[in-house]
Colleague: 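Got a structure for you, questions after.
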2 protein chains.
Amino acid sequence: MAINLELVPKQKRPAGERCCEPVVYPDIERRQAERMAEVARALGDPVRLQLVDVLRQHAGSVCVCELVPLFEISQPTVSHHLKVLREAGIVGSERRGLWAYYYVLPDALKELSTWLS
Amino acid sequence: MAINLELVPKQKRPAGERCCEPVVYPDIERRQAERMAEVARALGDPVRLQLVDVLRQHAGSVCVCELVPLFEISQPTVSHHLKVLREAGIVGSERRGLWAYYYVLPDALKELSTWLS
DNA sequence: GCTCCAGATTGATCGCCATCAATATACGTA
DNA sequence: TACGTATATTGATGGCGATCAATCTGGAGC
């Protein structure tokens, strides 16, 4: 988890032989890696990935009561997945009367998407 | 996990009122969601994300002995993370003499990257 | 053969996560 | 006020994952 940012790792080698070019280091910083990993972890469940997929298809927001019957899991579990996505900053929610509506936050996936491409 | 693919979920509603447009369904299929979630889960750890980042900076492959000292975790743990990445189809490995070299598989991240952008 | 070294595997521990049933909360309606 | 309905939260459980120390494997060199 914690990164050793010394760029020139000291390491004994068999004399006269090396395995590769010696200096190698991450281009991204630890904090950025932690942010992107948090987003990736939130997407690392098929249900959550499909929830995000559904929300991304809709310009506006989608009612939870539409989301629950799409999956063969209980309503509390869907609610839990939506909470994970919200805490990862991927979706937002809004309450209107009895119903709750979720939507994708526009820039949420940008950093990870840029790094991936 | 398992998706109910009925596209028109039946659900009782208060008479004369609806919460939103009624038909909503995932655009991606369950298998595709599971594949992409597997890749996302593999990227959902800061160490693995930085391992992939290092490997992506190098056209060729990188020796494990260069990767281990970049992190403040033990060699077996680095080996474990590399195994997770290999089993997710993100990296490949090759042995040359005493050393092991890892490299990013070129198309591994393409599906997730395309979906994200 | 034996020894040293790089890396992988094993076994154990600890904490987190996905899931559900049950309950709570909050809102609309009569 | 009381009741029903939509969603969130709680508590419990089973399983998975991150980590390490210890060990194993296999190649290089003597």
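Not measured: the values here are computed from a predicted model.
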Colleague: Please give, in whole Å, the distance from D/dA8 P to A/Arg96 CZ?
Modeller: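 The answer, rounded to whole Å, is 14 Å.
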Colleague: What residues form a side-chain contact (heavy atoms from CB on, under 4.5 Å) with B/Val84, not counting sequence neighbours?
Modeller: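 Scan of B/Val84 (side-chain contact (heavy atoms from CB on, under 4.5 Å), adjacent residues dropped) gives B/Ala42, B/Arg48, B/His80.
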Colleague: Measure the distance from CG on A/Leu82 to P on C/dT19 and round it to the nearest whole Å.
Modeller: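 That distance rounds to 12 Å.
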Colleague: B/Lys83 side chain: which of D/dA6, C/dT9, C/dA6 is closest?
Modeller: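 Of the candidates, C/dT9 comes closest.
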Colleague: Which whole-number value in Å describes the distance from A/Glu66 CD to D/dT7 C1'?
Modeller: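 Answer to the nearest Å: 15 Å.
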Colleague: Choose from C/dA8, D/dA8, C/dA18 the nucleotide whose nearest atom is closest to any side-chain atom of A/Asp45.
Modeller: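 Of C/dA8, D/dA8, C/dA18, C/dA18 is nearest to the side chain of A/Asp45.
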Colleague: Counting only side-chain N and O atoms of B/His81, is one of them less than 4.0 Å from OP1 or OP2 of D/dT19?
Modeller: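 The answer is yes; a side-chain N or O of B/His81 sits under 4.0 Å from OP1 or OP2.
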Colleague: Can you find a pair of side-chain heavy atoms, one from B/Leu82 and one from B/Val78, that are under 4.5 Å apart?
Modeller: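 Side chain of B/Leu82 against side chain of B/Val78, heavy atoms only: contact under 4.5 Å found.
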Colleague: Under 3.5 Å, side-chain donor or acceptor atoms of residues 104-117 of chain B against the rest of the protein: list the pairs with distances, not counting sequence neighbours.
Modeller:
residue, atom, partner, partner atom, Å
B/Asp107, OD1, B/Lys110, NZ, 3.3
B/Glu111, OE1, B/Arg35, NE, 3.2
B/Glu111, OE2, B/Arg35, NH2, 2.8
B/Thr114, OG1, B/Lys110, O, 2.9
B/Trp115, NE1, A/Asp53, OD1, 2.9
B/Ser117, OG, B/Ser113, O, 3.1
B/Ser117, OG, B/Thr114, O, 3.3

Colleague: Please report, rounded to the nearest Å, how far the C1' atom of C/dC17 is from the CD atom of A/Glu38.
Modeller: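 Interatomic distance, CD of A/Glu38 to C1' of C/dC17: 15 Å.
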Colleague: Check side-chain contact (heavy atoms from CB on, under 4.5 Å) between B/Ala100 and all other residues, then give those that pass, not counting sequence neighbours.
Modeller: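 Scan of B/Ala100 (side-chain contact (heavy atoms from CB on, under 4.5 Å), adjacent residues dropped) gives B/Val64, B/Tyr102.
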Colleague: Among the nucleotides C/dA8, D/dT5, C/dG7, which one has an atom lying closest to any side-chain atom of B/Ser79?
Modeller: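 Given the options C/dA8, D/dT5, C/dG7, the side chain of B/Ser79 is closest to C/dA8.
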Colleague: Could you pick out which residue, A/Arg48 or A/Gly97, lies toward the 5' side of DNA chain C when each is mapped onto its nearest nucleotide?
Modeller: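 Result: A/Arg48.
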Colleague: Given C/dA8, is OP1 or OP2 found less than 4.0 Å from the side-chain N or O atoms of B/Tyr102?
Modeller: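 So the side chain of B/Tyr102 is within the cut-off, an N or O lying under 4.0 Å from OP1 or OP2 of C/dA8.
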Colleague: OP1 or OP2 of D/dT25 less than 4.0 angstrom from a side-chain nitrogen or oxygen of B/Arg95, does that happen here?
Modeller: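 Indeed not, no polar side-chain atom of B/Arg95 lies that close.
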Colleague: Which residues pass the side-chain contact (heavy atoms from CB on, under 4.5 Å) test with B/Glu87, not counting sequence neighbours?
Modeller: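 With neighbours one apart ignored, the set is B/Lys83.
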Colleague: Going by the rule side chain to side chain donor-acceptor pair (under 3.5 Å), which residues pair with B/Thr77 if we only count those two or more places apart in sequence or in a different chain?
Modeller: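 Counting only residues at least two positions away or on another chain, B/Thr77 forms a side chain to side chain donor-acceptor pair (under 3.5 Å) with B/Ser74.
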Colleague: Round to the nearest Å and state the distance from B/Arg41 atom CZ to C/dA18 atom P.
Modeller: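 The answer, rounded to whole Å, is 9 Å.
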Colleague: What is the distance, to the nearest angstrom, from the CZ atom on A/Phe71 to the C1' atom on C/dT19?
Modeller: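 Atom CZ in A/Phe71 sits about 15 Å away from atom C1' in C/dT19.
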Colleague: Report yes if a side-chain nitrogen or oxygen of B/Tyr101 is closer than 4.0 Å to either non-bridging phosphate oxygen (OP1 or OP2) of C/dA6; otherwise report no.
Modeller: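 No, because none of the side-chain N or O atoms of B/Tyr101 sits under 4.0 Å from OP1 or OP2 of C/dA6.
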Colleague: Round to a whole Å and report the spacing from CG of A/Leu98 to P of C/dA26.
Modeller: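 Value for this atom pair: 13 Å.
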Colleague: Are B/Val68 and B/Leu51 connected into the same hydrophobic cluster when the rule is that any two of I, L, V, M, F, W, Y join if their side-chain heavy atoms are below 4.5 Å apart?
Modeller: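 Yes; tracing contacts between hydrophobic side chains, which count when under 4.5 Å, links both residues.
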Colleague: Could you run down the sub-3.5 Å N/O contacts of the protein with nucleotides 20-24 of chain C?
Modeller:
residue, atom, partner, partner atom, Å
C/dC20, OP2, A/Ser74, N, 2.8
C/dC20, OP2, A/Ser74, OG, 2.9
C/dC20, OP2, A/Thr77, OG1, 2.7

Colleague: What integer distance in Å separates B/Glu94:CD from C/dA8:C1'?
Modeller: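 Spelled out: CD on B/Glu94 to C1' on C/dA8 is 17 Å.
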